Amino acid sequence: MNEKRICAEYLWLDGNEPPQIRSKMKVMEQPGGGTPLASPEWGFDGSSTNQASGADSDCVLKPVRTYQDPIRAGGKGGHRLVLNEVCLSNGNPHPSNTRAALSKVVERHADEGFWFGIEQEYTLFKDGRPLGFPAGGFPEPQGKYYCGVGADKAYGRELVERHLQACLDADVLIAGINGEVMPGQWEFQIGTGDPLRVADDLVVARWLLARLGEDYGISVSFEPKPLKGDWNGAGAHTNFSTAAMRESNAGFDAIIEKLRAHHAEHIGVYGPGIEERLTGKHETCSYREFRAGVSDRGASVRIPWQVERDGRGYMEDRRPCANIDPYVVLERIIRTVSE
Ligand code: ADP
Ligand code: MN
Ligand code: MN
Ligand code: MN
């Protein structure tokens, strides 16, 4: 038989707040030697994902980007990850389909050359507590864990490294990883790239991390403030630039004033629980204020020192939480900067 069978893992965002990633696998018949088959549309039961009522439960999965599956069969055999938009049976975007809205805005502003880079922080949990936390107690206070090395400072590195390799193998635009301030907390960066690519790759990178965590009995939390008290929260700092910003910082002040004017709308879509994270402590600016500054990690928006030195580059919006919907955040930033 001149045919092989490949596994396509279909990924999509559900209707929860914040959205969770769902996936299910479809076996496809792949003609041997021929060009790879396109992944077909598929469906799922929206009544189990907060996307439909039981009486009218069919939702449509529309493939939008395909990746090589870096996990199944050791990354061999041509298996795929297929990222989808969720649509209604009439073909229109489902109300939870925030990617469709971003696509429209991206199209409107295609000639401005938006680039993004997202720093995804997260916390690893096992047995109901963050990795590195002893049963019924606390580890040493924060200070030595950020970018630390050693079994008393870095918890979960095997998973973190496997995740990095999986992203590289899948051609996800991962840019780096680092240990974070709280034990069990880490970060990876996605970008720099165009808005849809970066948001899509972030979703796939989150899925890969959660999936690989299963192998270790470790779960991944994107909670903005996983632990109360004197422990850092988890953010998704969103770095952005336009072609003009990469030429000169002449327009930076005008952009900062627009971000200030729309501060409340941004806070409203920067992840549920943001008030607990943006307290004004732990390298944040209170959600009640808007402040911009060079090299200021207590600001809402930071201009990196090299950008100030070079007189061009990008800005870092430090407000978004780890649990953001990246499509919503990028859409909001593009509209504020350009409309
Ligand atoms: P931090 O010092 O805040 O921890 P990181 O090194 O973690 O910074 O992340 C910096 C981010 O900035 C990366 O995600 C990168 O993709 C992004 N970035 C760099 N240059 C640009 C640019 N010109 N436009 C948009 N994003 C950029
Ligand atoms: Mn970072
Ligand atoms: Mn960080
Ligand atoms: Mn940052």
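Bear in mind that the values here come from a model prediction, so they are computed numbers and not experimental data. Both ligands and their constituent atoms are indexed starting at 1 by order of listing. Count residues from 1 along the sequence.
The aromatic ring centroids of Phe133 and Trp231 lie less than 6.0 Å from each other.
The nearest N/O/S atom of Glu180 to the Mn ion (ligand 3) is OE2. Checked against the Mn ion (ligand 3), the N, O or S atom of Glu121 at the shortest distance is OE2. When you scan the N, O or S atoms of Glu187 for the one nearest the Mn ion (ligand 2), you land on OE2.
Each protein N/O/S atom under 2.8 Å from the Mn ion (ligand 4) was counted, for a total of 4.
For Phe138, the CZ atom sits in a loose shell: 12 or fewer heavy atoms of surrounding residues, nucleotides or ligands are nearer than 6.0 Å.
The side chain to side chain donor-acceptor pair (under 3.5 Å) test with Thr336 is passed by exactly one of His262, His266, Lys258: His266. The side-chain contact (heavy atoms from CB on, under 4.5 Å) with Glu316 is formed by just one residue from the set Thr238, Val301, Asn239; it is Asn239.
Every residue meeting the salt bridge (charged side-chain N to carboxylate O under 4.0 Å, His left out) condition with Lys144, not counting sequence neighbours, appears here in chain and number order: Glu140, Asp152. Asp200 meets the salt bridge (charged side-chain N to carboxylate O under 4.0 Å, His left out) test with Arg65, Arg99; sequence neighbours excluded.
Within the structure, ring-ring contact (aromatic ring centres under 6.0 Å, His included) pairs that include any residue of residues 12-64 comprise Tyr10-Trp42, Trp12-Phe44 (at least two apart or interchain).
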